Amino acid sequence: MTESGQAANVVWLASFPKSGNTWIRSILTALSTHQLLFDANLLGSGSQPYAVGSLLDTLGLDPRWLDRADLPRVRDFLIREEASSAVPSGSGHLPRFRKTHEVYRAGSPGAEPFVTSCTRAAVLVVRDPRDVACSYGPFFGVDLAAAVDRMGGASSVSTSSPFKSLTEQPWGTWSSHAESWLSDDVPFPVHRVRYEDLQADAVRTLLPVFEALGLPCTAEQLRDAVERVRFDRMQEWESSHRFREVSPHTPHFFRSGKAGGWRQQLTGSCLADLEADHGAMMTRLGYHLSSGEDVRRKRLETRDSMRRQQREPWWHMPPELGLDVEVGETPAHLPGSESPRPWIEATADQALLRFTGGAGLWVRHGRQVTVRPGSSPEESGDPSWLLHGWAVTLASLQRGGLSLHAATVRVGDQVIAIAGCRGAGKSTTSMALREAGHELLTDDVTLIEFDGRRALTRPYARNVHLMKDAATALGLDFDVLPRLSGGRDKVSFRAEPPSTTPLPLDRIVVLRPDPDATRPELSEVQGRARVRALTQHTSRDGVAEVVLGPGRYFEQLTRLAASVPISILRRPPREWTMPEVVALVEDLCALSPAVTEAAGR
Amino acid sequence: MADSFAGLPVLDMADEPWHGHFPGLGEIWVTADGSTRVRPELTAASAGDSVEQRRRALTCGWADPLSWHRRGFWLLAAVTASPDPDLGCLVLEASTGGADRVLDRLSERGWRFLADRPTPARVEGEVVVAHPRGTPFLARGQRDQAHEARGDTDAVVVERRRHPAPCVVRGVCSLVREAVGVERQEVLTGRNKVKTAAGLRLGGVFDSRAPSVDPAPAMSPEWLASVVRLSGLPMTTVAVRQKAAGGEDVEADLIEAWWTTVTER
């Protein structure tokens, strides 16, 4: 008993969905029910703790009138209420089993999702995620690929609903679910049970667990209970009864309980994706993998990129950029505009761009953006490049700032802009530096602002655009990543989101493919050549001079040229020399000892 | 009841009047004759939550159901409505997803509603009679920010045509989730009627007239008797699609057809 008189008798039966929770509960029910009275619809465990509708019976209060802040307190209260009716047993109390699919989390005092003072222990039931996927799909009415995506993408029934009397119920991914319950932070004992060990010998697996939980039960009784809920017997029972926990998508709950059944169902990309997402936890839990670690790591990188991109619609822009974006029609022409290129019309505060395939962009007053993708994203690919590059550049110019056609990378404590013409290898170089352990801040557009004499850059989250040979050399799956729209032969990759606070720019490296170069070489740019080195990469097809005006543009350009060291990196255009390029950039930054430490060498 | 714990709600039925406290929301008092008083907390508990919203929540969601109970009524976890109150009303168990849509369709067809759940009812003479509650109807969705029940919720107050007088209960219709193997409509018999009645009749604090220091039995003879009485009513289930194709009214059609069957007996 705790100080407040509550019994610590709750045992959480925790599992990711389709991992064997019902099997354990069937065994527990069979242990306490005469065989003639056993009925799967009498399965005990209580309702899952996220459902707080019983508040109406318990307090007379209709939880639909509560708000989201109240619900966690209600859940805590109901758990304590149920735990308070403890049943004595020997020198203690019988454990009270409660099912949950949620990740473990601590909550706050008076609003704990798993009330510590009432909890004796947890039993974490885990199952090979490959078998879980084969069961998850039919149960939730989705195909295997979707099941694998959900298991790896943290999709779960998470949102709380006062109207439905439900608190949030985060399942996490298959890996993060197990991780949460096995963490050292969990304040009560957690007994891990593998589904496959239950299949091999349920009595031997469960007897020590039940003993530790204070559940009185002999091996004979447990053997009898396990036998009574044997899978084929449950199937036979279900053939003449409707199991109340059956999914609305399938006629039967007890479909196939075999361990290793995934070998007949799960192949190819689904298998590779699943092992990529969960390889680390699978290894930790003793499951053997069919793929190598390098293959899994690269595949996981591709999948994480896809998940980051799928979090928001393609027209979503980071809020710190302050842009109001709408998808719609753009005007045919801009009155009074200049046309530095045939596809560009610009004034000081408006710009209209037309692209192949009917795509268009209209940016005005440094804030308002109208984008016409040209054709549906489903048909023609990812149109986000219209916004991530040109919209941001034009808005920045209209606000009086400068935009450098460059990627930005943090190497140690040095922030480096990698500039260059189209095709020079800016994105490839920045990704290779990321591969080497450095932080990719932004691709393709380095926004410049000044704080006195210092040039600052403001990173923002956007996609990196890669050609096939670059993606392949970096180990990414070109065929899986989203193709850019408008017939562009590049794909989108989304790296980890960068910090968005302005950072001092320490150096600019201009990539210059040179047919006369036999290997990559660096040289410093001095004097007036510094302005010339940057002109091509700040002009933005002549738009900068139109928007800023020649005087202001030149002023900004010379200011930038004077504020940071500039290097030219010449490299052979046709060979893959990325390791040497990376080494040169790292050496350049090696003036700061923090580089070596940050790269983890 | 659980001992009071800082931050947790409590209902004290040991003394008169009954006193409830929900930290962050407020307090209620309910006397033996059913009169009520509420006191909402004045400090903002969550963004956008007003004192008036809290007062309404305490009154409609807590004090009012207890008041009906203290006056001797059963509380049924259901809505009550009728297309023709002179013929009686239906008890509609409508907590599954998509049920709001069905209730909207019935409302559009002229059905009048006595009460949102819980509905007060009792035996009068030989029949079960449902009584109207004046409390607002709740539905799910962000239909209109101004009609949110609280500051941070997915429950909104909706208008439904009302019938303001008690009405004889002619039957029970449970809206269930559509699923593989589930009939679109099933008339219940035998044990299934008892199970439905037991699910409808709220227990717990609604199962004891007088406050008691000793823990009350799980189910009182009175509660059991009410379940037996309710299970004598005609009962049906209607399977509801969570998301219906535009304009689909199958569930409302089935309910109206069954109402005709029940009232022709």
Side-chain angles (χ1 to χ4, degrees), chain A residues 2-6 41 51 53-85 108-112 115 117-118 138 141 159-166 238 242-244 246-253, chain B residues 1-3 5-11 18 20 22-25 28 30 45-49 53 56-58 60-66 69 75 77 95 97 100 116-118 138-141 148-156 177-182 202-207 215 242:
Chain A
T2 65
E3 282 182 10
S4 58
Q6 293 168 329
N41 280 328
S54 64
L55 189 71
L56 188 50
D57 282 345
T58 311
L59 270 189
L61 170 52
D62 183 350
R64 296 178 306 154
W65 284 98
L66 299 176
D67 69 9
R68 289 194 172 92
D70 298 326
L71 292 184
R73 226 175 300 149
V74 168
R75 171 173 168 153
D76 187 308
F77 167 75
L78 289 174
I79 290 170
R80 289 171 195 271
E81 272 297 294
E82 188 166 319
S84 65
S85 55
S108 54
E112 291 181 88
V115 184
S117 62
C118 302
T159 311
S160 66
S161 167
F163 182 75
K164 294 171 83 172
S165 306
L166 301 177
E238 196 179 20
R242 184 170 179 82
F243 185 41
R244 67 179 180 182
V246 72
S247 154
H249 304 289
T250 59
H252 303 296
F253 183 92
Chain B
M1 276 309 131
D3 292 337
F5 178 89
L8 290 178
V10 66
L11 177 67
W18 288 3
F22 196 109
L25 180 59
I28 65 160
V30 185
S46 61
D49 201 33
Q53 282 177 316
R56 184 173 61 178
L58 288 166
C60 304
W62 203 0
D64 188 67
L66 287 173
H69 165 63
L75 275 299
S95 56
D100 274 353
D116 196 0
R117 64 181 193 267
L138 293 179
R140 192 181 185 199
E148 280 185 340
R150 295 282 302 280
D152 179 18
T153 180
D154 59 344
V156 294
R177 185 176 179 182
E178 187 186 42
V180 173
V182 170
L202 290 172
V205 298
F206 297 115
D207 185 25
Q242 288 215 296

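Atoms considered below: every heavy atom in the structure, side chains included; atoms not considered: hydrogens, waters and symmetry mates. On a predicted model such as this, the values are computed, not experimentally measured, just so you know. Proteins get letters first, then strands, A, B, ... in listed order; numbering begins at 1 in each.
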The interface call for A:Leu71 against chain B, heavy-atom contacts under 4.5 Å, is neither
Are the side chains of A:Val74 and B:Phe22 in contact, using a 4.5 Å heavy-atom criterion? yes
Across all chains, not counting sequence neighbours, the side-chain contact (heavy atoms from CB on, under 4.5 Å) partners of A:Ser54 are A:Thr58, A:Leu78
Counting heavy-atom pairs under 4.5 angstrom with chain A, the leader among B:Ala63, B:Cys60, B:Gly20 is B:Cys60
Applying side-chain contact (heavy atoms from CB on, under 4.5 Å) to A:Pro72 and not counting sequence neighbours gives A:Ala111
Practice task
Indicate yes or no: does B:Arg150 engage B:Asp49 in a salt bridge with an N to O separation below 4.0 Å.
Solution key: yes
The interface call for A:Ser161 against chain B, heavy-atom contacts under 4.5 Å, is both
